[in-house]
Structures are given as structure tokens and as C-alpha cells.
Amino acid sequence: MPTSTAASCVNSPLTLAIRAAADQGRPRRAIALYVSSFRSDAAAHRSCPFALAAVLKSVSRLPAHALAAASFHAHLLRLGLLAHPYPHAALAHLYSRDHPDAARSLLDETPPAGARSAHSLLVSRNSLLASLLRSGDLPAARALFDQMPVRDVVSWNSMVAGLAKAGRLDCAIELFHQMPERNAASWNAVMCGLIAHGHLARAREWFEQMPVRSNVSWITMISGYAKAGDVQAAASLFERMENQNDLYAWNAMIACYGQNGCAREAISVFIRMLKPHICVLPNEKTFSSVISACSQLGNLRFGLWVESFMCSLGIELDDHLRTALVDLYTKSGRIDNAFKLFRGLRTRDVVSYSAMIVGCGMNGKLSEAIGLFKEMSDAKIVPNAVTFVGLLSAYNHAGLMEEARACFAFMSSKYNIRPSMEHYTIMVDLLGRSGKLDEAFQLIMKMPMQPHASVWGALLLACRLHTNVELGEMVASKCFELAPGESGYYILLGNIYAQANKWDKVKSLRKTMMEMGLSKMPGSSWVQAA
DNA sequence: ATAGGGTTAG
């Protein structure tokens, strides 16, 4: 009987190692440990139900496990452990994600046995319920929930969370009020649904009313503000949070800054988190955000330090992290390194392809960019706006006007992607530098959004290149208007005047700059340019 | 000890 082996194997090195790996969120390691036990003489240990439960839990965390569930089912059957409550519940969980029917028949036809079986059955049903909710089958979930002879707070929470996420907020709240017992997760479930459906203010009220808040409550609220771009609100909640040692909270705050264009703040939060009185170590998620922030700032030196620090912590490179590093490396011109990282990805998706294509575009690798685009199309990965930023900038770099124009048109006609500010900027730059100043100007006028100073700036650069004083003055006035205090545009206009030998204009422009307090010019001198 | 709530890349 399973119980007799259980007593002897609970603390066996194999079981402990597998459980430790599973608890640390290293499912592949847990599975590898179990598999390797077949090469040694450890038959008694590898039939430990607790080890198997941990292995099954790990398998369920891996992406594709349809086949694994059936083979573990057979394995458990052969070991005579199928009826043991823990592996049984873990198997039901494994099945439940992709094969709810198989999970259901396991529960109905091969119920667990022994003292803990009633509770195990509840756990298994909760798994099944969660998977039905995940797959969006609300009626089936509701039916299961109603049929369950025993429900606990997890069952209720799952149901409330499922309804709330599906947008059935009123239903969710009604069910919430019917709960016989509530914990922080119950409140979180409703709050999470409110956030997901754009009711940030209501979510905040809900948050403030909670009798007990868990870390998850804080983090859910912080990331809600992060996604809505309210960095201030997120930051003030983060500062109010008492538990300084929750890695998720640090990660949420760093990501919040990084995703909202506050890369500098992201880095300073990261540095704060490394202070000795904060007892958390950054993980791969932290580093993904931090490396992205370094990349945004163009701070490659710090980025490379971060990378070496990360290696010293023994962090394994996952796909997100590799993609962030691809971005960092391409920005520092280490395109070969970037390619190596890219080729080492476990799975390539639109994000990693786009990072690599943008990197090629930036480094003038047109044929590589096109090759990657073909490759991703063949793999049926649908390009997005960022992918086209990369392609267009590759064409821009190579000065290929017609190809870029075709690409720009193709982007909307075939993929239905509305060109963004960035796409327009690249097109204006390319048109302008090819001498098609009028066409570039017309394109700006046709933009459906208010052009940024940088778009006009690209045209201003072209005016200098082609010494067009008349258009240059007009364009520069747009730049001054949209980015007051930005001395670079004054300098560009000054360069145009100098090239055209309009020294009186140079003089009066300089006077204006002095008056505006813009006299400090970085590096360039327009006298030299003349 | 098995179930539910949160954080990552262009």
C-alpha cells in the first residue's frame, strides 16, 4: 500500500531535492531529477507519492504537456499510486488544463482512496473548476460549482475570480456577498476584475475597504496603475506598502517605471532593492525590466554591469531575458552577440523577432532584417507595429526609398497596422534625405495624429542637408513650438542659415537663444559648418 | 505536502 512506502521516502534525498526544485519554481530541474533516478538504483524512492506529486506539479507548469499527462497516468497506475490522494490530485490538475474531460473522468471513475481522499477530491475539483474558468467555459464551471458536495474558500474564490475576469462583475460581486467565508484573495478576485475592465477608481475604493490586505492586493493595485500609466499613483502605493521584502512588489514597481518611459526611476528602484536591509534578491523578471531600462537610456555600460551581476547570481537566461539582452546588445552594436542570443531562444515570437529586426535596422543590416522577416512569416508569426519600425529603419539606413514606401503601404494594406509616430518619423527622414522635401512635408500634413517635434525634426535635418532655408524656417518654428527649450532645433536652423551664408540671421537667432537661456550649445558649432 | 490571487522582453 502506498502508505508504507510513504513513511520511508518522505525525507529521502531524491524527494527533498525534487520538492525543493518544484517549490523554487524550477520545474525542469524537478523533472530532470526524477528522470535521472531511473539511471540509479532508487526504485523505492522514485515511487514516493510525494515526489511524484511534486513532479506532476512541475510538469503542469511546462507549456505543452498533453502527452505527459497520459504517460504519468500510466506510470502512476503501474506503481499502484493512482489512488494516493496527492498524486491523484496532482494528476487531475495536470489533466485539467488541456483535457478537462480526462480530469473529470479521473475524478468520477478512479476516485482517490484513503484517509485524505475527501479533501483530495475537493482539491481536484477545485483544479478542474479553475481550468474550466481559465478556458472561459463559465456555464460548465458554474454547473460543477453547483454540483460540488463540499466547497471551500478556494472554490468560491475561483468562481468569483472567473466571473470577474470574464466581465460579469455584478455576478461576481453578488457571489462574493454570498460567500460563507472570505479571505484576502476573495477581495482580490473582485478587485482584479474591476481593474481588468477599466474600473480603476472603483478598484481603488474596493482596495481601501478591504479588511485585510495581502501583498497580492497591493501588487494587483500597483500593476493596475502601471498599465493605466498612472506612475504617481503606483509609486505612492508602493511607498505605503510595509513589506519591503516582496520580490513581486519590487518587480511590479520596476516594470511600472520601465514601461512608462521612466527608465531612470526604474534603475533607482532597482538600486534601492539591492540595499543590504532589503532581503530580496532580484530574479530573471527583475533583470528583464532593468536591462530594458538600461537599453532605453542607452546606458550600455551599466547594462553590461547588470548583466555580469546577473551572471554572478547564477540567473538562468530565459526567453524574456534573452530578448531584453538582444535589445541591449544591438544598441551597443554587438550584433553578432545579439544573434547568438537570439538563436538560443527556446521559442521565437513576435517580440523577439521584432527586437532582432529592429536591431538589424539600427545597425544597417538590411538583408538580415529581410531574412528574419521572411523567417517569421514562414513560421506564421504575425508582425506588428514594432516589426515594421525595424524593417523601415533598415530600408532607411540603406537609403532604399521605393522599398520603404512599398513596405509602409504593405503594413496597413496587408496587416492592418496603423502607422505610428515612429513609422512616420522614419518615412519623413528617408524622404527628406532623398531630397523629396515636399513629399515629406505632405506626409506630415496627412498624419492622423498631432506630429511630435521629432517628426518635424527629421524634416529639419533634411532641410539642412539640402540647404532649404525657406522650408527650414517654417519647420523649425514648428519644432520650437512643440519642444520649447530644446536647443538642438535652434542649432539645426542656425546650421542652415550658416550654410546659406545668412550670417545676419545666424546672429539674430543666437540672440534669441541667449534671451531664452539656450546659449549653451552642445558640441556642434555652426561657424564650422559654414 | 495536492488547489486559487501577482511580477518579465521589442
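Chain A is the first sequence line, chain B the second, and so forth, proteins listed ahead of strands; every chain is numbered from 1.
- When only modelled atom types and interatomic distance are considered, N283(A) and T286(A) share a side-chain donor-acceptor pair under 3.5 Å.
- Relative to the six-membered ring of F342(A), R348(A) meets both conditions, a distance below 6.0 Å and an angle of at most 45° to the axis.
- With sequence neighbours excluded, no residue satisfies ring-ring contact (aromatic ring centres under 6.0 Å, His included) with Y248(A).
- For the 3.5 Å distance criterion, the side chains of R104(A) and Y95(A) fail to qualify, holding no donor opposite an acceptor.
- Both tests hold for R182(A) against F176(A): distance to the six-membered ring centre under 6.0 Å, angle to the ring axis within 45°.
- Contacts of residues 104-116 of chain A with DNA chain B (heavy atom under 4.0 Å): R116(A).
- Read 5' to 3', the first and last nucleotides of DNA chain B with an atom closer than 4.0 Å to a heavy atom of chain A are dA1(B) to dG10(B).
- Salt bridge annotation for K340(A)-D336(A): absent, with no cationic side-chain nitrogen under 4.0 angstrom from a carboxylate oxygen.
- Using a 4.0 Å heavy-atom criterion, one finds that D246(A) contacts the bases of the nucleic acid, with or without backbone contacts as well.
- Heavy atoms of R19(A) sit under 4.0 angstrom from at least one base atom.
- Across all strands, V216(A) comes closer than 4.0 Å to base atoms (heavy-atom distances).
- Looking at heavy-atom distances under 4.0 Å, H119(A) makes contact with a base.
- If you check every strand for non-hydrogen atoms under 4.0 Å, K331(A) touches nothing.
- Among the atoms of the strands shown, none is found under 4.0 Å from any heavy atom of A189(A).
- Using a distance-only test at 3.5 Å, with no hydrogens or angles considered, no donor-acceptor pair links the side chain of S295(A) to the main chain of I291(A).
- No engagement by S295(A) is indicated, since no non-hydrogen atom pair under 4.0 Å with the nucleic acid exists.
- Listed by first and then second residue, the side-chain hydrogen bond (donor to acceptor under 3.5 Å, both in side chains) pairs involving residues 203-215 of chain A are N188(A)-S214(A), R204(A)-E208(A), R204(A)-Y225(A), E208(A)-R240(A), S214(A)-S217(A), N215(A)-D246(A) (not counting sequence neighbours).
- Within the nucleic acid shown, D327(A) comes within 4.0 Å of sugar-phosphate atoms alone, with no base atom in reach, counting heavy atoms only.
- Remark: R151(A) qualifies as a cation-pi partner of F145(A) under the 6.0 Å distance and 45° angle criteria applied to the six-membered ring.
- The side-chain hydrogen bond (donor to acceptor under 3.5 Å, both in side chains) analysis of residues 258-274 of chain A, with sequence neighbours excluded, yields the pairs E239(A)-R272(A).
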For this session: Report the secondary structure of DNA chain B in dot-bracket form, marking unpaired bases with a dot and bases paired to a different strand with |, and treating Watson-Crick or G-U pairs with both distances under 3.5 Å as paired.
Result: ..........
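- S155(A) and D152(A) share a side-chain donor-acceptor pair at under 3.5 Å.
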